[in-house]
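Some notes on the structure that comes next.
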Amino acid sequence: MIVDRPESHFIFVVPLDHIEYRYNYITLRGEPLTNKQYLEHWGKWLVFGLREEVEELARKLDPYVEERKIPAVKYDRKLITEFQLNRCVMCVYCHDETKDEVWEILAALGVRDKAWMYERETLEKWLPGGVNLEKWIQGRGLDHEHAERVRADARAKFKKMFADENEIFTGVYQ
Amino acid sequence: MNIDVRLNLLGVLGIKQSELALDTPADATVATLIGLIDQHNPGFAAALSNADGGLSPQFVVFVNGRNAVQLDDMKTRLNAGDVVNVIPAIAGG
């Protein structure tokens, strides 16, 4: 099911059961991942394209998400102006044990860019000193005090989310 | 040997050409490949390298889908038919 909440920068493709019954798609063989497992194994194939291209791909991926062959997908609603990129980014999520099966689906749908990234790598880029957070701060033109507040918030959020490595990972609200 | 390169720089370096088929020496590494691309796109190697000669954190180089930093960084050996993708790190979701 394609979930388009106007207040979010991202548009999601998630199973209908996730919306109706809070089904947790961050799993491996039906078992939800702990924070530790999430950081070690959860990741995504990255796909780039114009908004209409990623939108078309999202529609084609939707049935695979409902069949649970692909856990979830998200893509940019629009270009991120702070990053000055000229393409939208789509993330096709899965556990690293199933990434080859997911890649076969993407390749069959015409995706040619093969780029796998662990969520841990992305989260690190959003920590103080990470390329994404620093570029975002720069792009917004934040003053020193505001920038430091943003960095402190990022650090605190990450610490809170992963405080107990054995807890079931509960997701990131975006 | 032939290596297919896809530069998904998304406007960041201003390089127009996005797909390259490069003929590299048999013992080519990621560093060799970056050097070859730099011959036609001056500044490419400098942008992709950090001060220690490793891959810059500003970009991600994937060899057959795997991040080269998790392989052998600049020294990652390439094989005939490999596909290399380069993206700006900020495009990583």
Side-chain angles (χ1 to χ4, degrees), chain A residues 9-10 42-50 54 72-76 79-93 96 99-100 102-104 106-107 111-127 129-139 172 174, chain B residues 2-22 30 33-34 37 43 46-52 54-73 76 78-93:
Chain A
H9 168 77
F10 299 108
W42 198 251
K44 65 251 182 170
W45 289 111
L46 299 170
V47 181
F48 310 101
L50 300 171
V54 291
V73 176
K74 88 171 181 193
Y75 58 97
D76 292 329
L79 302 178
I80 303 180
T81 48
E82 288 85 355
F83 287 176
Q84 298 171 323
L85 300 178
N86 60 12
R87 290 290 183 279
C88 291
V89 181
M90 172 183 268
C91 300
V92 181
Y93 293 98
D96 59 5
K99 71 182 168 76
D100 292 340
V102 170
W103 172 254
E104 281 176 23
L106 293 173
V111 175
R112 295 178 60 205
D113 300 316
K114 201 172 183 186
W116 169 263
M117 189 169 281
Y118 283 100
E119 276 299 90
R120 186 195 65 249
E121 296 174 77
T122 300
L123 288 166
E124 284 168 355
K125 288 192 287 185
W126 283 103
L127 283 173
V131 288
N132 287 31
L133 185 65
E134 299 306 327
K135 181 86 179 173
W136 187 86
I137 287 170
Q138 191 187 7
V172 183
Q174 294 175 312
Chain B
N2 288 322
I3 305 288
D4 287 327
V5 183
R6 292 177 59 81
L7 302 174
N8 283 296
L9 298 172
L10 316 179
V12 169
L13 283 182
I15 294 175
K16 295 272 189 287
Q17 196 172 4
S18 62
E19 293 186 38
L20 310 164
L22 295 176
V30 164
L33 195 75
I34 289 172
I37 298 169
L48 266 79
S49 309
N50 65 21
D52 302 326
L55 283 164
S56 163
Q58 301 294 328
F59 291 87
V60 189
V61 176
F62 297 92
V63 179
N64 299 325
R66 296 183 65 192
N67 188 339
V69 167
Q70 291 157 9
L71 299 170
D72 202 6
D73 205 86
T76 303
L78 300 174
N79 296 299
D82 279 353
V83 178
V84 175
N85 280 73
V86 183
I87 67 165
I90 50 172

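Protein chains get the first letters and strands the later ones, always in sequence-line order, with residue 1 at the start of each.
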Does CZ belonging to A:Arg120 count more than 12 external heavy atoms closer than 6.0 Å? yes
B:Asn64 and side chain to side chain donor-acceptor pair (under 3.5 Å): which partner among B:Asp82, B:Asn85, B:Asn79? B:Asp82
B:Leu78 and its side-chain contact (heavy atoms from CB on, under 4.5 Å) partner, picked from B:Leu22, B:Ile3, B:Val83: B:Ile3
Select one option (side chain, backbone, both, neither) describing which atoms of B:Val69 are under 4.5 Å from chain A's heavy atoms. neither
Between B:Asn8, B:Leu9, B:Val63, the one whose heavy-atom pairs under 4.5 Å with chain A are most numerous: B:Asn8
Please determine, among A:Glu119, A:Arg112, A:Lys99, A:Arg87, the option with the most heavy-atom pairs under 4.5 Å with chain B. A:Arg112
Using non-hydrogen atoms and a 4.5 Å limit, figure out which bit of A:Trp45 sits close to chain B: side chain, backbone, both or neither. side chain
Give the C-alpha distance, both sets of side-chain angles, the deciding distance and a yes or no for side-chain contact (heavy atoms from CB on, under 4.5 Å) between B:Leu48 and B:Val61. CA-CA 9 Å; B:Leu48 266 79; B:Val61 176; 3.8 Å; yes
Of the backbone (N, CA, C, O) and the side chain (C-beta and beyond), which part of A:Tyr75 lies under 4.5 Å from a heavy atom of chain B, both, or neither? neither
Side chain B:Asp73, main chain B:Leu55, donor-acceptor under 3.5 Å: yes
